[in-house]
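Data first, discussion second: the structure below is written as structure tokens.
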Amino acid sequence: MTKKAPKLTKIEEHNIAMWDEAKISRFRQTLLSWYDDSKRDLPWRHTSNPYYIWVSEIMLQQTQVDTVIPYYNRFVTTLPTVKDLAEASEDTLLKLWEGLGYYSRVRNMKVAANQIVAEHNGIFPDDFKDILSLKGIGPYTAGAVSSIAFNKVQPAVDGNVMRVLSRLFELDLDIGKPSNRLVFEEMIRILIDRERPGDFNQALMDLGATICTPKNYKPENSPVKEFNASFLNETWMKYPIKKSKKKVKEEDYIVLALSNNKGEYLFERRGSKGVLAGMWSFIMISKADLKEDEWKSFPSQTDGLSEPEMTRLYKKVKDEYGLTIELDNEMKGTYTHVFSRLKWYLNIYKGQIVNEHTMAKQTSYIHPDQFSETAFPVPTQKVWELINTITLF
DNA sequence: AAGTCGTGGTG
DNA sequence: TCACCAAGACT
């Protein structure tokens, strides 16, 4: 008989010193009583409706609590049920999401709402695998909704939890590496409170957000400092381990705020891929495309346009948009928009549409009176604000 | 697996 | 100013 080698758990693989049952029990009690005393009063903590919990969790992805609160309140008031969400138009949804960023989140929510209507009779599913199969719901959100709304014993490992565990156990694991998330999940499956899994998960996140913070971390203030190996061993400055990110790419654009004789402005719907996919923007022309080949790789950022560049600009607008335009001589101003890994230097011009031929791109004229009915990403809003700024000389 | 996707806040 | 961060998921 050949004996199969016992399969190592990830905790064993990484030589993590997991606590014994008595210590785990004390940790749960200490953490939960701190949570009962000190938890933050948040709108989504006043409900056990899984739909509301779901909305909050999607909004909270990579987004701060203070930013989410007003969006959350408006969203659930406007769309109180899954069915309302499923029946809402994309325009309605994007308007509710306007300025929150990561717009695919709300598009995915609509897909998921349709799944719930089609496959679960409009009732939010309580089975973990069913929840995980919903569009836009990954391992974290499935665990969060399962544990918080349905009291299921499931881990919800986010950035907070990885940071907290890294410090508690002196984990030499890169928390930026996706495959390492499974190690943290395995640890939480052991540590999580069997009676109050949702509160346990939220307690770890509250701890990470308010005390076990990335910066200005003071481990002596932690309610679980006696469990904290990195505090006891004075190695807490090392944790968590995280490799630095890459530099941002920079791009220069000419932005054209073009109006017609009705006072309407021309907008273009961005392509279905890439940054701000499907969102409405003023016409943007890459400045690199206006330069002589040899200068293309040198960003000029906020310089004005030279004569030959201006000539190429007019030709490009005519060729690609079928528009004859007349620009104001002066650049109205500049605006720099910073994304996660991208930086836009926008040179903003105002102009009139003299003649319109064929429109190849997906464009729309919108009157300023109607702006409140359309969802504009922040760069579009900033450009509009800037061209309406009165400049003093 | 590594890139990509927004925005606002902070030291 | 700039780098990093915030309740991640998708490709």
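Every chain is numbered from 1, with letters handed out A, B, ... down the list of sequences. Atoms considered below: every heavy atom in the structure, side chains included; atoms not considered: hydrogens, waters and symmetry mates. A quick note: this is a predicted structure, and the numbers were derived from the prediction, not measured.
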Is any N or O donor-acceptor pair between the side chain of [X] and the base of [N] shorter than 3.5 Å?
| X | N | answer |
| --- | --- | --- |
| A:Ser340 | B:dG6 | yes |
| A:Tyr102 | B:dG6 | yes |
| A:Thr63 | B:dG6 | yes |

Return the nearest nucleotide to the side chain of A:Gln62; candidates are B:dG6, C:dT11, B:dT7.
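When the side chain of A:Gln62 is considered, B:dG6 is the closest of B:dG6, C:dT11, B:dT7.
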Where the side chain of A:Tyr140 is concerned, which of B:dC5, B:dT7, C:dG8 is the nearest nucleotide?
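For the A:Tyr140 side chain, the nearest candidate turns out to be C:dG8.
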Atom-to-atom span, [atom1] of [X] to [atom2] of [N] - whole angstrom:
| X | N | atom1 | atom2 | value |
| --- | --- | --- | --- | --- |
| A:Asp158 | C:dA7 | CG | C1' | 5 Å |
| A:Ile58 | B:dG6 | CD1 | C1' | 16 Å |
| A:Tyr345 | C:dC2 | OH | C1' | 11 Å |
| A:Tyr103 | C:dA9 | OH | C1' | 17 Å |

What's [X] touching, base or sugar-phosphate or nothing? Going by heavy atoms closer than 4.0 Å.
| X | result |
| --- | --- |
| A:Lys177 | nothing |
| A:Leu342 | nothing |
| A:Val338 | base |
| A:Gly208 | nothing |
| A:Leu276 | sugar-phosphate |

Between [Y] and [X], is there a side-chain donor-acceptor contact under 3.5 Å, judged purely by atom types and distance?
| X | Y | result |
| --- | --- | --- |
| A:Tyr335 | A:Glu385 | no |
| A:Tyr140 | A:Gln61 | no |
| A:Asp41 | A:His46 | yes |

Toward the 5' end of DNA chain B, which comes first, A:Ser179 or A:Gln61, by nearest nucleotide?
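Of the two residues, A:Ser179 wins.
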Establish, for the pair A:Arg163 and A:Tyr217, whether the NZ or CZ atom is under 6.0 angstrom from the six-membered ring centre and no further than 45 degrees off its axis.
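Not flagged: A:Arg163 not positioned over aromatic ring of A:Tyr217.
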May I ask you to list the residues of residues 35-57 of chain A, by number, that have any heavy atom positioned under 4.0 Å from an atom of DNA chain C?
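DNA chain C contact set from residues 35-57 of chain A: A:Arg40, A:Leu42, A:Trp44, A:Arg45, A:Glu57.
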Could you tell me how far C:dA9 sits from B:dG8 if I compare only their P atoms? Round to whole Å.
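The same atom, P, in both gives a distance of 22 Å.
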Separation of the P atoms in C:dA7 and B:dT4, to the nearest angstrom:
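Going atom to atom, P in each nucleotide, I get 23 Å.
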Pairing of [X] and [Y] as salt bridge, 4.0 angstrom limit:
| X | Y | value |
| --- | --- | --- |
| A:Arg189 | A:Glu186 | no |
| A:Asp289 | A:Arg312 | no |
| A:Glu90 | A:Arg107 | yes |
| A:Arg196 | A:Asp199 | yes |

Might you list the N or O atoms of the protein lying below 3.5 Å from N or O atoms in nucleotides 9-11 of chain B, with each pair's distance?
{"from": "B:dT10", "atom 1": "O2", "to": "A:Lys215", "atom 2": "NZ", "distance (Å)": "3.4"}

Answer yes if the ring centres of A:Phe371 and A:Phe267 are under 6.0 angstrom apart, and no otherwise.
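A:Phe371 vs A:Phe267: aromatic centres under 6.0 Å.
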